[in-house]
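To start, the structure under review is shown below, and the notes come after it.
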Amino acid sequence: KAKQGKTHLCVILAAAILGSGILGFRCRYPDASVLWFDTEQAVYNTAKIARSVHKLCGWDEHTPNPRFTIYHLREKSTQQILNTIISETRKRKPTAIIIDGIRDLVSDFNNLSESDMCVKRVMNLSSSLPCAAINVIHENKGKDDSNMRGHLGSELVTKSSEVFAVKKDGGIFMVSQTECRNEPIPEFSFTLEADGTPIDASSHLMEQKAQIKQIKYQHRLSEMAIAMKKILVPYKKHNEFVKELKSSMSISESTAKSKIKEALFAGIICKNEQDGLYWFARMPDDHSSDSSQGQQVKIGQNQGLLDLPV
């Protein structure tokens, strides 16, 4: 879909081809080069793309590098864009070209003959040099329609060796391989630094999952605490406590017993070891994530931009 991170993914792919090693991707060609043809972005954003690629490769962000050239083509006509891509690719003979986005190489992406001719020209260019051709195209606008846009998109899927989809979830971009003629790769993710540079999101995902787990844990404790506070007025023996908790929360007897153990461990309730009476101690601390601080206690122990060819 639009604004879901396709260009950011291309930054990662370009940097990987150029030897950055980002996300563990490696290129078999040590002196690989990339030509990027940008048909969509404003010149400022095109420059940001160039700086991001340079940064990921460890290059000076303000000095052109002969291994990477980006072309700002948004104001050019369809024919001018196509002519530039063909002439520059044949002249420079790069390892890979990125066309962001290929929809601007045709006037009507639903025109059968025009779309077919566009894809064939890119394929011929790729195979004659040879070089890899990475094409960016939107999915259809429908919320539940993940097909690539128009006949052009359909033809690209048919002819491509790999197809990837990018979806944004909060600040995390998830990349999945939807079509593959070769060995498939697992889903991967990335996020953005403050300056927009893509970086590995593995640690961010782990942190996000931990936060979700903690929220669910606190919710469970609060739910138990509310039920137990009503039951333990003022004290209850074990069997009576289990029976009333089972009824109050509509759970099985074994689940009720497990919740009592968990509540004891979290310090929500306390138990007098001498007479076996339980009483309510406190509501769970929303800022405490370490349930090991709770314990079973006795009474009294509660604690509760670059040069751009145009």
Side-chain angles (χ1 to χ4, degrees), residues 1 4-5 23-24 139 142-146 165-178 184-192 199-304:
K1 300 300 182 184
Q4 291 294 301
L23 297 180
E139 294 177 347
K143 182 179 179 180
D144 300 319
D145 188 350
S146 59
V166 189
K167 292 184 179 180
K168 184 179 180 182
D169 183 7
I172 305 296
F173 299 85
M174 305 300 301
V175 183
S176 57
Q177 190 178 49
T178 60
I185 66 172
E187 185 177 85
F188 61 94
S189 62
F190 63 90
T191 188
L192 303 178
I199 56 173
D200 190 351
S202 299
S203 60
H204 294 264
L205 279 175
M206 291 178 64
E207 182 180 347
Q208 190 178 68
K209 289 179 180 178
Q211 289 174 347
I212 292 173
K213 184 177 180 180
Q214 176 61 21
I215 291 171
K216 289 182 178 179
Y217 172 70
Q218 289 294 339
H219 177 75
R220 188 173 70 250
L221 290 185
S222 295
E223 186 180 47
M224 288 192 303
I226 291 171
M228 292 177 179
K229 186 176 183 180
K230 293 179 180 178
I231 295 170
L232 298 176
V233 181
Y235 308 106
K236 286 290 187 299
K237 286 196 172 183
H238 183 72
N239 290 340
E240 186 180 8
F241 187 18
V242 171
K243 182 179 179 181
E244 291 191 26
L245 185 62
K246 174 184 173 182
S247 174
S248 174
M249 299 189 71
S250 299
I251 54 179
S252 67
E253 183 176 326
S254 60
T255 301
K257 291 178 179 179
S258 295
K259 288 186 178 294
I260 291 172
K261 289 181 179 179
E262 186 175 13
L264 279 168
F265 194 68
I268 294 172
I269 60 175
C270 294
K271 179 182 180 182
N272 184 343
E273 293 181 350
Q274 294 180 348
D275 57 20
L277 289 175
Y278 292 88
W279 76 94
F280 185 81
R282 64 176 178 85
M283 293 296 292
D285 183 357
D286 291 337
H287 302 290
S288 172
S289 61
D290 188 357
S291 63
S292 64
Q293 293 176 355
Q295 55 181 326
Q296 183 172 333
V297 300
K298 298 179 181 179
I299 293 177
Q301 289 184 313
N302 182 35
Q303 306 168 349

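Just so you know, residue 1 is the first one in the sequence shown, and it goes up from there. From a predicted model like this one, the values you see are computed outputs, not experimental measurements.
Here the closest heavy-atom approach between residue Glu139 and residue Ala165 is recorded as OE2-CB, 4.0 Å. When all heavy atoms of Ser176 and Glu187 are compared, the pair lying nearest together is CB-OE2, 3.8 Å. Minimum heavy-atom separation, Ser189 to Ile172: CB-CG2, 4.0 Å. For Ala263 against Met224, the heavy-atom pair with the smallest separation is N-CE, 4.4 Å. Across all non-hydrogen atoms, the minimal contact from Gln177 to Pro184 is OE1-CA, 3.0 Å. Closest approach of Trp279 and Leu232 over heavy atoms only: C-CD1, 3.6 Å.
Counting non-hydrogen atoms of other residues, nucleotides and ligands closer than 6.0 Å to NE2 of His238 gives a total above 12.
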**Message:** For Leu277 and Lys271: C-alpha separation, side-chain torsions, deciding distance, then whether side-chain contact (heavy atoms from CB on, under 4.5 Å) applies.
**Reply:** CA-CA 6 Å; Leu277 289 175; Lys271 179 182 180 182; over 6 Å; no

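Proximity of Met283 to Leu221: side-chain heavy atoms (C-beta onward) are nowhere separated by under 4.5 Å. Using a 4.5 Å heavy-atom threshold, the side chains of Ile231 and Glu240 count as separate. Side chains of Asp200 and Phe188 form no contact here, defined as non-hydrogen atoms less than 4.5 Å apart. Looking at Ile268 and Phe280, their side chains come closer than 4.5 Å, going by heavy atoms from C-beta outward.
Residues satisfying the side-chain contact (heavy atoms from CB on, under 4.5 Å) test with Ser258, not counting sequence neighbours, are none. For Ile260, the side-chain contact (heavy atoms from CB on, under 4.5 Å) partners two or more places apart in sequence, or in a different chain, are Met228, Phe241, Val242, Leu245, Leu264, Ile269, Tyr278. Glu223 is linked by a side-chain hydrogen bond (donor to acceptor under 3.5 Å, both in side chains) to nothing, counting only residues two or more places apart in sequence or in another chain. In this view, Lys168 and Gln4, Phe173 satisfy the side-chain contact (heavy atoms from CB on, under 4.5 Å) rule, not counting sequence neighbours. For Lys257, the salt bridge (charged side-chain N to carboxylate O under 4.0 Å, His left out) partners are Glu253, not counting sequence neighbours. Partners of Glu244 according to the salt bridge (charged side-chain N to carboxylate O under 4.0 Å, His left out) rule, which considers only residues two or more places apart in sequence or in another chain, do not exist here.
The line from NZ of Lys229 to OG of Ser222 is 11.5 Å long, rounded to the nearest 0.5 Å. Here the OG-NZ distance, from Ser254 to Lys246, works out to 9.0 Å after rounding to the nearest 0.5 Å.
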